[in-house]
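See structure below.
All chains are named by letter (A, B, ...) in the order of the sequence lines, taking the proteins before the strands, and each is independently numbered beginning at 1. This structure is a prediction, so every number in the text was calculated from the model and none was measured.
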Protein chains: 2
Amino acid sequence: MIAEKKKAFNAFAAKKGLRSTRQREVILDIFLSTHEHLSIEELYLKVRASNPGIGQATVYRTLKLFVEAGLARELTLSDGHTRYEHQMAGEHHDHLICLNCNAIIEFEDETIERLQKEIAERHGFKLVTHKMQLCGICPSCRKAAIEKVS
Amino acid sequence: MIAEKKKAFNAFAAKKGLRSTRQREVILDIFLSTHEHLSIEELYLKVRASNPGIGQATVYRTLKLFVEAGLARELTLSDGHTRYEHQMAGEHHDHLICLNCNAIIEFEDETIERLQKEIAERHGFKLVTHKMQLCGICPSCRKAAIEKVS
DNA sequence: TCATTATTGAAAATGATTTTCAAAGTTTCT
DNA sequence: AGAAACTTTGAAAATCATTTTCAATAATGA
């Protein structure tokens, strides 16, 4: 799966006439090796740990490329830190976010997707994408809150 | 409806021990007199047009108060400009956004709301709120695109 | 009115992201 | 391989929305 994505990025790079550099390889490897929703800051720290020479600007630039290439998706939470998550062609998921501890859980729901498409069509829109975040309190924060009270 | 909202804000202000100032009244009047999804910048310009003395910081501060009071809702699009829209207690709507001209259309869908609640419950979350944006191409931009081709 | 406390405007600070620019690296052409 | 042509990079500076600071001003309650 990782090899697939690397190939996808290389294909994208070739089509765009991008050059292949050590920095981009390192950042791609590290990005693909994670399965969390990492912020640029976190990603940059991980990158710097093994490759002290690589600068933030490069990490910013490279992640934008990943998005363009369809490997990554930007996730804008309200904490002011843009996060990046893996994105596979065609696939698609939404998020359940804990307002207390910021835990992020992914989910998919076909019925909602279908309804969204219908709503768009009803308004004459051609649906391209969507963002859906359900915000609430996760099980462990609920439990903690209950314990605090009793 | 406007009078209602003013009353709601005054009640909130009283409960919070906020003082009533000319600035807040002006900003509330102007906010309530619009029905678009205005950015702070736009709102500030409108405010300044009739009341040149009022500063941006005050507009920022006051809109946060409106959100806290439940009169307004923050809408974060990807253009980096926070927008504010009217919010009535209990009511709730989502957005259909044109990726081309940034037009915003509001909609509600009970079925989706119910499904969202179910999804949250299935994961043990207590659902507090949600954000849903359907992004696509609006009817007039679609038409324009077709005309351009032919 | 006076004392207390909140609010304001202007300017400075913040902080994430982007841009600039000279140096270094990659690719292409011969 | 060598050289021209063009990209990419890192560091620092710039940007830009938003927040904070702070001294001055205004609202409130006694």
Side-chain angles (χ1 to χ4, degrees), chain A residues 9-31 37-69 72-84 102, chain B residues 9-31 37-69 72-84 102:
Chain A
F9 182 69
N10 289 336
F12 166 83
K15 199 162 66 189
K16 267 215 118 187
L18 301 180
R19 297 183 172 172
S20 79
T21 67
R22 189 182 58 86
Q23 291 72 341
R24 298 219 258 240
E25 269 190 53
V26 166
I27 296 170
L28 181 54
D29 276 339
I30 290 178
F31 174 67
H37 302 82
L38 292 184
S39 67
I40 297 263
E41 180 65 15
E42 293 165 325
L43 226 22
Y44 169 57
L45 290 176
K46 262 182 177 273
V47 166
R48 205 179 52 176
S50 49
N51 292 68
I54 297 178
Q56 294 206 59
T58 302
V59 178
Y60 272 96
R61 290 188 276 233
T62 305
L63 276 145
K64 294 230 169 275
L65 285 179
F66 293 171
V67 170
E68 230 192 304
R73 193 154 62 126
E74 255 187 47
L75 186 57
T76 323
L77 266 49
S78 39
D79 67 349
H81 291 257
T82 300
R83 293 167 178 282
Y84 288 89
N102 293 309
Chain B
F9 182 68
N10 289 336
F12 167 82
K15 199 162 67 187
K16 267 216 118 188
L18 301 180
R19 294 179 177 176
S20 80
T21 66
R22 190 181 58 86
Q23 289 74 341
R24 297 219 260 240
E25 269 190 51
V26 167
I27 296 171
L28 181 55
D29 277 339
I30 290 178
F31 174 68
H37 302 81
L38 292 185
S39 67
I40 298 263
E41 180 65 14
E42 293 165 326
L43 225 23
Y44 169 57
L45 290 176
K46 261 182 180 274
V47 166
R48 205 179 52 177
S50 49
N51 292 68
I54 297 179
Q56 293 206 60
T58 301
V59 177
Y60 272 95
R61 289 188 276 233
T62 305
L63 276 145
K64 294 231 169 274
L65 285 178
F66 293 171
V67 171
E68 229 191 304
R73 191 154 64 125
E74 256 188 45
L75 186 57
T76 323
L77 268 49
S78 39
D79 68 348
H81 291 257
T82 300
R83 293 168 179 280
Y84 288 89
N102 292 309

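At whole-Å resolution of the value, CD1 in A:Ile54 and C1' in C:dA24 are 14 Å apart. Atom-to-atom, CG of A:Leu77 to C1' of C:dA16 comes out at 15 Å; the value is rounded to the nearest Å. One can place CG of A:Leu63 at 11 Å from P of C:dT18, the figure rounded to the nearest angstrom. The nearest whole Å value for the distance from the OH atom in A:Tyr44 to the P atom in C:dG15 is 17 Å. Nucleotide C:dT18 holds its C1' atom 14 Å from the CG atom of A:Leu65, rounded to whole Å. Atom CG in A:Asn10 sits about 11 Å away from atom P in C:dT27, given to the nearest Å.
Taking OG of B:Ser20 as the start and CG of B:Leu28 as the end, the distance is 11.5 Å to the nearest 0.5 Å. Here the OG1-CD1 distance, from B:Thr21 to B:Ile27, works out to 7.5 Å after rounding to the nearest 0.5 Å. Rounded to the nearest 0.5 angstrom, B:Leu18 CG and B:Asn10 CG are separated by 10.0 Å. Here A:Arg83 contributes atom CZ and A:Ile40 contributes atom CD1; the two are 10.5 Å apart, rounded to the nearest 0.5 Å.
Annotation: proximity of residues 18-30 of chain B to DNA chain D (heavy atom, distance under 4.0 Å) is found for B:Arg19, B:Ser20, numbered in ascending order.
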Side-chain polar contacts of residues 43-52 of chain A - donor-acceptor pairs under 3.5 angstrom, sequence neighbours left out - could you list them?
residue, atom, partner, partner atom, Å
A:Ser50, OG, A:Val47, O, 3.4

Could you pull out all donor-acceptor pairs under 3.5 Å where a side-chain atom in residues 53-68 of chain B meets a protein atom, sequence neighbours excluded?
residue, atom, partner, partner atom, Å
B:Thr62, OG1, B:Thr58, O, 2.6
B:Lys64, NZ, B:Glu74, OE2, 3.2
B:Glu68, OE2, B:Lys16, NZ, 3.0

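For residues 19-29 of chain A, the pairs satisfying salt bridge (Lys or Arg N to Asp or Glu O under 4.0 Å) are A:Lys6-A:Asp29, with sequence neighbours left out.
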Fill in the blank from the handout: Whether each nucleotide of nucleotides 13-22 of chain D has a protein heavy atom under 4.0 Å at its base (B), only at its sugar-phosphate (S) or at neither (-) is summarised, 5' to 3', as ----SBBBB-

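Among the heavy atoms of the strands lying under 4.0 Å from B:Gly53 are primed sugar atoms or P, OP1, OP2 only; no base atom is included.
Taking the C1' atoms of five terminal pairs at each end of the helix from C:dT1-D:dA30 to C:dT30-D:dA1, the two resulting helix axes are inclined by 30°, rounded to 10°.
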